[in-house]
Amino acid sequence: MDFLPFTRPSIDEATIAEVAEVLRSGWITTGPRARAFEAALSEHVGGRPVRTMSSATAALEIALRVAGIGPGDEVITTSLTWVATANVVLTVGAKPVFVDVRADTRNIDLDLIEAAITARTRAIIPVDLAGLPVDRDRLYEIARRHRLRVIEDAAQSMGANWAGQRIGTTGDMVVFSFHANKNMTSGEGGCLVLNDESEAKLCEKLRLQGVTRHPDGGMDVDVLGGKSNLTDIAAAIGLGQMKHLEAFNTRRRALARRYFECFDKSLGFELPLPEFEQSNWHMFQPLLPRNASMARGAFIDAMRGEGIGVGVHYPAMHLFTLFREMGFAEGDYPVAEDVGRRTVTLPLFPAMRDEDVQRVCNVVSKIWK
Ligand SMILES: *Cc1c(COP(=O)(O)O)cnc(C)c1O
């Protein structure tokens, strides 16, 4: 039987033809396709300014710089996320302050944020883990009360919504990722949703060496920028993917529902929150039973032996060496640590068939028993 990976992008022939067209056109870096992709993304978020970047990591870093966050500042975030979320805080010279997650949503516990706020706190970076949105009403109520910026790490929640409002259409700055494993991809890539044109202008400078071009052909540099523009090759893929985003997410929700039907509840796994209105079901992540006789590594190997790929997203990042060296330790965020030790990502992607979900559930039962 074919190997079933935990994720796989769906790229249609029209997109492949568009990429070939870009390659033949003589202009393959940032150009008309990147601008068209930005226009399509802006429409997706209700007309707000959007700028594309070579990754969501670059977009998060630029968002912090646009917000003026740097040395001496603290940024509140979650430990249960891809390392990029807190790495960028260190990159700009600020200090990440973790807050534990909720056991049900596995997202930042909003009840614990206020206790973590100090005089140095400047921003909150919430993460919609697996595409399940953080409560935007409560989040912004806290941010407003304490005059904090919010940089939404919505890398996983493209097309998801909070109370019917699509993620990105409301709020402060919002970052999406188009990494190959996300719900829509440009190979590598990301974007930043901004509040106004002056933020967008600064963002444009920061993503390309700080350059401002003058009409007479001259230029100026008045701020230190990096190099994180998106190529037209990537933008052509992104434009092709956007046409399918709704269908992709609808299919993901249907497959997730199927997992809940097929999964043997007697095994003692903790299934994710069964939420089908707001989440875009970026991942399906049961937690292994506590005190299980089979270790996670052995489970992953056994699944692979049966032709099924299993991922881990993510171990709690405050326990990584870099963060331990900054003083974080075991026991600091017990819920994130517990979820991080037991989580497994089972296959979920739009091209999967219903039978594939049944097969995964059968193999999990067989291995676990
Ligand atoms: C993927 C991801 C990122 C980084 O995205 P890149 O485009 O790979 O830089 C950041 N945060 C979260 C939560 C992610 O899942």
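Read the numbers this way: they start at 1 and go in the same order the structure lists the ligands and their atoms.
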message: Does the plane of the ring in Tyr333 sit parallel, tilted or perpendicular to the ring in Phe328? Use 30° and 60° as the thresholds.
response: tilted
query: Which one of Gln156, Lys182, His179, His282 has a non-hydrogen atom at the shortest distance from atom 1 (C) of ligand 1?
result: Lys182
field: Between Asp332 and His318: side-chain donor-acceptor atoms closer than 3.5 Å
entry: no
message: Quick test of your reading of the model: are Arg145 and Glu141 salt-bridged, counting only N-O distances below 4.0 Å?
response: yes
- request: Check whether any N or O atom of Thr57, backbone or side chain, sits under 3.5 Å from an N or O atom of ligand 1, and answer yes or no.
  value: yes
Non-hydrogen atom of Phe176 closer than 4.0 Å to ligand 1: no
query: Does Gly189 come within less than 4.0 angstrom of ligand 1, counting non-hydrogen atoms of the residue?
result: yes
message: Between the side chains of Asp111 and Arg138, is the shortest nitrogen-to-carboxylate-oxygen separation below 4.0 Å, so that they form an ion pair?
response: yes
statement: Nearest non-hydrogen protein atom to atom 10 (C) of ligand 1, with distance, is Asp153 OD2, 3.6 Å
- prompt: What are the atoms of ligand 1, with element, lying closer than 4.0 Å to any heavy atom of Thr81?
  reply: 13 (C)
Atom 14 (C) of ligand 1: nearest protein contact (heavy atom, Å): Ala155 CB, 3.3 Å
query: Regarding Arg257 and the six-membered ring of Phe276, is the cationic atom NZ or CZ under 6.0 Å from the ring centre and inside 45° of its axis?
result: yes
statement: among protein heavy atoms, the one nearest atom 3 (C) of ligand 1 is Trp82 CD1, 3.5 Å
- line: Tyr314 heavy atoms within 4.0 Å reach ligand 1 at atoms 15 (O)
- prompt: Going by distance only, is there an N or O of Ala56 that falls short of 3.5 Å from an N or O of ligand 1?
  reply: yes
query: Does a donor on one side chain and an acceptor on the other come within less than 3.5 Å for Gln358 and Asp354?
result: no
field: Per-atom contacts, ligand 1 versus Val127 - under 4.0 Å to a heavy atom
entry: 13 (C)
- request: Answer with yes or no after comparing the ring centroid distance for His44 and Phe37 against a 6.0 Å cut-off, counting only values under it.
  value: no
message: With heavy-atom distances below 4.0 Å as the criterion, list the atoms of ligand 1 near Thr85.
response: 11 (N)
field: Contacting atoms of ligand 1, where contact means under 4.0 angstrom from a heavy atom of Ser177
entry: 1 (C), 5 (O), 6 (P), 7 (O)
message: Looking at Asp264 and Lys369, is there a salt bridge between them, counting it only when a charged N and a carboxylate O are closer than 4.0 Å?
response: yes
- prompt: Hey, are Asp222 and Lys205 close enough for a salt bridge, meaning a charged N less than 4.0 Å from a carboxylate O?
  reply: yes
